[in-house]
Amino acid sequence: MKARVTISLKNGVLDPQGKAIEHALHGLGFEGVGDVRQGKVIELDLGDISKEDAPATVDKMCTQLLANTVIENYAIELLD
Amino acid sequence: MKARVTISLKNGVLDPQGKAIEHALHGLGFEGVGDVRQGKVIELDLGDISKEDAPATVDKMCTQLLANTVIENYAIELLD
Amino acid sequence: MTEITKEIVAEHGLSESEYELALEILGRTPNLTELGIFSVMWSEHCSYKSSKKWLKTLPTEAPWVICGPGENAGVIDIGDGQAAIFKMESHNHPSYIEPYQGAATGVGGILRDVFTMGARPIANMNALRFGRPDHPKTRHLVSGVVAGIGGYGNCMGIPTVGGETNFHESYDGNILVNAMTVGLADTDNIFYSAAAGVGNPVVYVGSKTGRDGIHGATMASAEFDDDSEEKRPTVQVGDPFTEKLLLEACLELMATDAIVAIQDMGAAGLTSSSFEMADKGGVGIQLDLDNVPMREEGMTPYEIMLSESQERMLMILKPGREEEARAIFHKWELDFAIIGKVTDTGRMVLTMHGDTVADLPVAPLADSAPEYDRPWVPTERPAPLGADDVAAPADLGATLVQMMGSANIASRKWIWEQYDHMVMGDTIQRPGGDAGVVRIHGTDKALAVTTDCTPRYCYAHPETGGAQAVVETWRNLTATGAKPLAITDCMNFGNPQRPEIMGQFVGCINGMREACVALDYPVVSGNVSLYNETNGTGIFPTPAIGGVGLLEKSEQMMTLAFKGAGETIMVVGETTGEMGQTIYLKEIEGREEGAPPAIDLAKERLNGDFVRSLIHGGDVTACHDIADGGLLVAISEMALAGNVGADLDLGEALPAHVAAFAEDQARYVITVSADNVEAVTEKAKNANVPLQIVGTTGHNEIKVGKSASVSLHDIRSAHTNWLPGLMAAPGSDKE
Amino acid sequence: MKAAVIVFPGSNCDRDMKVAIEQSMGSTPAMVWHGDSELPETDLIAIPGGFSYGDYLRCGAIAGNSPIMREVVKKASEGVPVLAVCNGFQIATETGMLPGALLRNANQKFICKDVDLQVVGRNERFVGEFENGQIVRFPVAHHDGNFYADDETLARLEGEGQVAFRYADSDGNVNDATNINGSRNNIAGIYNEAGNILGLMPHPERLISEQLGGTDGKIFFDNLINSLS
Ligand SMILES: Nc1ncnc2c1ncn2[C@@H]1O[C@H](COP(=O)(O)OP(=O)(O)O)[C@@H](O)[C@H]1O
Ligand SMILES: [Mg+2]
């Protein structure tokens, strides 16, 4: 069983990387672009774990390590 | 119109981040986890752009700036 | 099994005659794995087939040289049972294709070369050449390369204490990224690569092997064409964290006596490391490829042997020490695998899944690598340009500002502020001076390190340029008070199969040799990067030189900053008005002409030894060698560093612009406190060294008699803003 | 007095920290490995700079979960003084010992240079002789030093005197031009609520002698050791 965790900065947290990308896109002539935000995706193979247990397990991984909930939100998708 | 670009390392390219995360998850007791890969998501508002033009424009952004096509793949989703 | 066709042979970069030789050595047709091994072993990168004949002519010995070229890095004795181990290496082609990872793995590679010999790296340097500043790719390459060098070195915690950066159109399609590392070891605990001891285990440590950079070594020797970006050759990704662990684990194991031999896996990975170890030791090696730690499934012997995955080492251990070593590597969370043993067969035998997948004789493959005496034509020395050939500018002051804000003189602060140059707590001269200086931890001593080369001189007249590169490093070290001890080199050239390019190579080597001999300044390590050409246009010949010098007493170290007002500014050495190939000529007149400034090695030595003795005697308050841009640029750099101006009188012998911007060699600017001027003058006379008083420090401007008066503020803006301005300009592709 | 320096895989300012403490304390601090789960008796815990675990995922995230950090958090909550520099500061925010987070520098670049810092408040234990408002000079060397806290947290930090240092210039100006990395309110260092933990991005351990370019770091360590002995 596999999972994909998408981690993004919370609204209101300044995103220096997103801002830099936006600036660079403007420089390249993509002037209309706005609101650029950068986040992370982490894909993992959960190994032998039941479909029922998976959400709680991945959630635990997120709060313990993968996301810093002071500044980040996360979303979990289970794939198989 | 908005777009989401997901950027991941090509198959076979070393992913030191993914490796380190996997190792740390094992250390936290998630022993079954494997194949951890880390990528990026970039979300952007395309501004006034027609639905027809959007795919080509975002693709251009990816090859010119967002993705490092020597080692990365990218996938584009258009949202609205 | 893949049939070995002509096409496959050609794809492997082997010429027909090379393939013939391979058949002869083997007595049969090689299989694909064996062909791959021949191809990387005989690539220019690994075999030095075009350059060997000439490299051999360089002086490599001195009483303080412990180990010259041939090992992973050069070793010199710095007293008290300590050795400095250093080398410079190129990562040009990979950095052009993927600047961040290319430069990062270049740093990783040179660090391994140094710590593989038992040294803890204590300083990094980098010598960079980019295309013209307004070339559409330049900014992308500069930002990626600088970030990559910083990304790797900063994470490793090794200070990057200096380097050099040039911009010139000859590098538009072939940038140069040369990285240097200096390490510190005990003279009685240096590690070499010769395998020994039949039956001893061959051990693999570090990262797992993936399909990275397969054919990187042949790529690094192949000329570019326009679609090389399309081919997307396999670029390696660096993992500095793993390298940091590898460094600590290796040093921990090296503190025991378990290691017989050790060699990093660099270009051509497992192939070149195993062959070199076997060849140096005159033994055979048997490897079981099933035991190689692998990152991916289904890897073939060909891929395993040719992979250039980073952060790996190969070692021969003493029998019975395996478990002790394994424990150390496991503590550092690194792979450790026994993958074979030393044999007495003189052959490299590789097995996988129970089959023999390659069986090659070691010595013939390593030693009868082709060696070419390629045809070459010398470059004629152009006529020198003097005062009469170069018109005076309308406004000397404005010209100075323009010079200070020009591509090859402007401040490189934007670069070095991205490098951690202070970590390890021993950097006593940071980037921005003539050389980086690091204390030897816990002692009074310090090492000075510099890299230099003036490619436009090398292009105009290779012999002069080669000598000049060496003497400039020697001067830069001298200006800090250090005694120059030895150099490493990184020979970056175009296609050696073109006689004029080969002539550049030969000329530069000849010049380097003369300079090294005259200065007692041997070559202890180096690297060659050829085929730096795109569509038949080669780079300027660029023999980058890395020099290392020793300060016995670190408190004696000198810096270039003016220390205060009212000091006397003096020039050591003679100014005859050499205007050929100067920055002035290029920047102000748009001309690249004439002979480079002449080199007089006896004068270099005389003047340099004199300056060093003044520094050691406490007679000097600031010192800077005169190089790119000439006297007035050197003085302006000293003024900016100290935030103290200068009031100058450059004399009547030469027109002001010539006195100001000529690039005569063997010169230094020093400052001396007013009450010491007479004594210093007397010393110069006794030593037969030309010494001229040119002015006094003070105020907030650079004033040249009645010809110029410019505020430090204006000079500083031009000098510091050029590079950030370039990098901030919009429209650069890729961040 | 006794001190302990925590060492993670990838720490690289551990020796620098040890040297600085040694110079002021006159004895050698204990070097404690990340995998240990016990701390020796100590009057000061120092978490040094570097790239623990490569700073992969997020700076300090993986180190924050190491066995020794559980012990450090516990001791800190019992009042043992903790000095967390650079990567140490990032680790401290990751564990929640200190509020906020450290984002990528606003200019996206690693920055290594000396900076002027305004000393804020008078936490006797850490800044001793330094006056409120005084300008001191320490180097920075980081890629992710852009301090972030939400408005509420920020107001609390300011209100409770938990700000320790701000990026300034030599004349004492604190503004956008002196804000090298985009930190909120120019914050370069903060204390926890109890005042026994100091986290800061700049490296006082790097300027501890004239030969290295300055002595403000030495004064800082002298102060610290004095007040703890
Ligand atoms: N790529 C670089 N990395 C670090 N420092 C650099 C780099 N390029 C130039 N520098 C530094 O900028 C200063 C000026 O360089 P350069 O003009 O080559 O000096 P010099 O003429 O004395 O050899 C030196 O201190 C040098 O170390
Ligand atoms: Mg110099």
Side-chain angles (χ1 to χ4, degrees), chain A residues 2-31 33-47 49 54 56-77 79, chain D residues 52-53 55-67 69-70 73 89-111 142-157 176 179-187 190 192 199:
Chain A
K2 292 184 181 237
R4 181 188 296 134
V5 178
T6 308
I7 299 160
S8 50
L9 284 171
K10 287 186 176 167
N11 271 336
V13 177
L14 178 81
D15 175 5
Q17 271 138 317
K19 248 178 88 175
I21 294 171
E22 185 169 322
H23 186 81
L25 285 172
H26 292 171
L28 288 172
F30 302 101
E31 275 110 11
V33 170
D35 255 353
V36 181
R37 308 282 286 172
Q38 178 174 321
K40 280 186 275 225
V41 240
I42 297 167
E43 298 198 332
L44 20 88
D45 189 325
L46 299 174
I49 189 169
T57 308
V58 180
D59 195 77
K60 230 169 108 191
M61 290 178 193
C62 288
T63 51
Q64 281 192 28
L65 180 72
L66 301 181
N68 178 347
T69 51
V70 174
I71 45 171
E72 294 170 330
N73 292 322
Y74 59 89
I76 298 170
E77 282 166 274
L79 329 155
Chain D
S52 56
Y53 295 93
D55 275 349
Y56 297 147
L57 185 61
R58 285 184 315 278
C59 299
I62 299 179
N65 279 300
S66 62
M69 282 312 295
R70 279 192 279 278
V73 171
F89 186 13
Q90 294 161 342
I91 295 169
T93 59
E94 280 287 339
T95 59
M97 293 164 71
L98 288 171
L102 293 143
L103 305 174
R104 180 57 43 107
N105 292 343
N107 74 354
Q108 303 290 301
K109 291 185 180 59
F110 190 93
I111 304 173
H142 61 246
H143 209 161
D144 299 79
N146 179 350
F147 181 76
Y148 172 83
D150 59 31
D151 293 342
E152 197 191 313
T153 311
L154 198 64
R156 204 174 54 238
L157 288 173
D176 284 352
N179 191 353
I180 57 161
N181 56 19
S183 292
R184 293 203 81 181
N185 294 7
N186 283 46
I187 288 174
I190 56 170
N192 64 335

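Per chain, numbering begins at 1; letters A, B, ... match sequence-line order.
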Asker: If I compare all heavy atoms of Leu14(A) with all of Leu103(D), which pair ends up nearest, and what's the gap?
Answerer: O-CD1, 3.3 Å
Asker: Between chain A and chain D, identify all donor-acceptor pairs below 3.5 angstrom, including backbone and side-chain atoms.
Answerer:
{"residue": "Pro16(A)", "atom": "O", "partner": "Gln108(D)", "partner atom": "NE2", "Å": "2.9"}
{"residue": "Lys40(A)", "atom": "NZ", "partner": "Leu57(D)", "partner atom": "O", "Å": "2.8"}
{"residue": "Gln64(A)", "atom": "O", "partner": "Asn65(D)", "partner atom": "ND2", "Å": "3.2"}
{"residue": "Leu65(A)", "atom": "O", "partner": "Arg58(D)", "partner atom": "NH1", "Å": "3.2"}
{"residue": "Leu65(A)", "atom": "O", "partner": "Arg58(D)", "partner atom": "NH2", "Å": "2.9"}
{"residue": "Leu66(A)", "atom": "O", "partner": "Arg58(D)", "partner atom": "NH1", "Å": "2.7"}
{"residue": "Asn68(A)", "atom": "ND2", "partner": "Glu94(D)", "partner atom": "OE2", "Å": "3.3"}

Asker: Which bit of Leu65(A) is near chain D, if near means a heavy-atom gap under 4.5 Å: side chain, backbone, both or neither?
Answerer: both
Asker: Top residue by heavy-atom pair count (under 4.5 Å) with chain D, among Val70(A), Val13(A), Leu9(A)?
Answerer: Val13(A)
Asker: Return the minimal non-hydrogen interatomic distance between Leu57(D) and Ile42(A), and the atom names on each side.
Answerer: CD1-CD1, 3.7 Å
Asker: Provide the closest heavy-atom pair for Ala106(D) versus Pro16(A) in the form atom of the first, atom of the second, distance.
Answerer: CA-CB, 4.1 Å
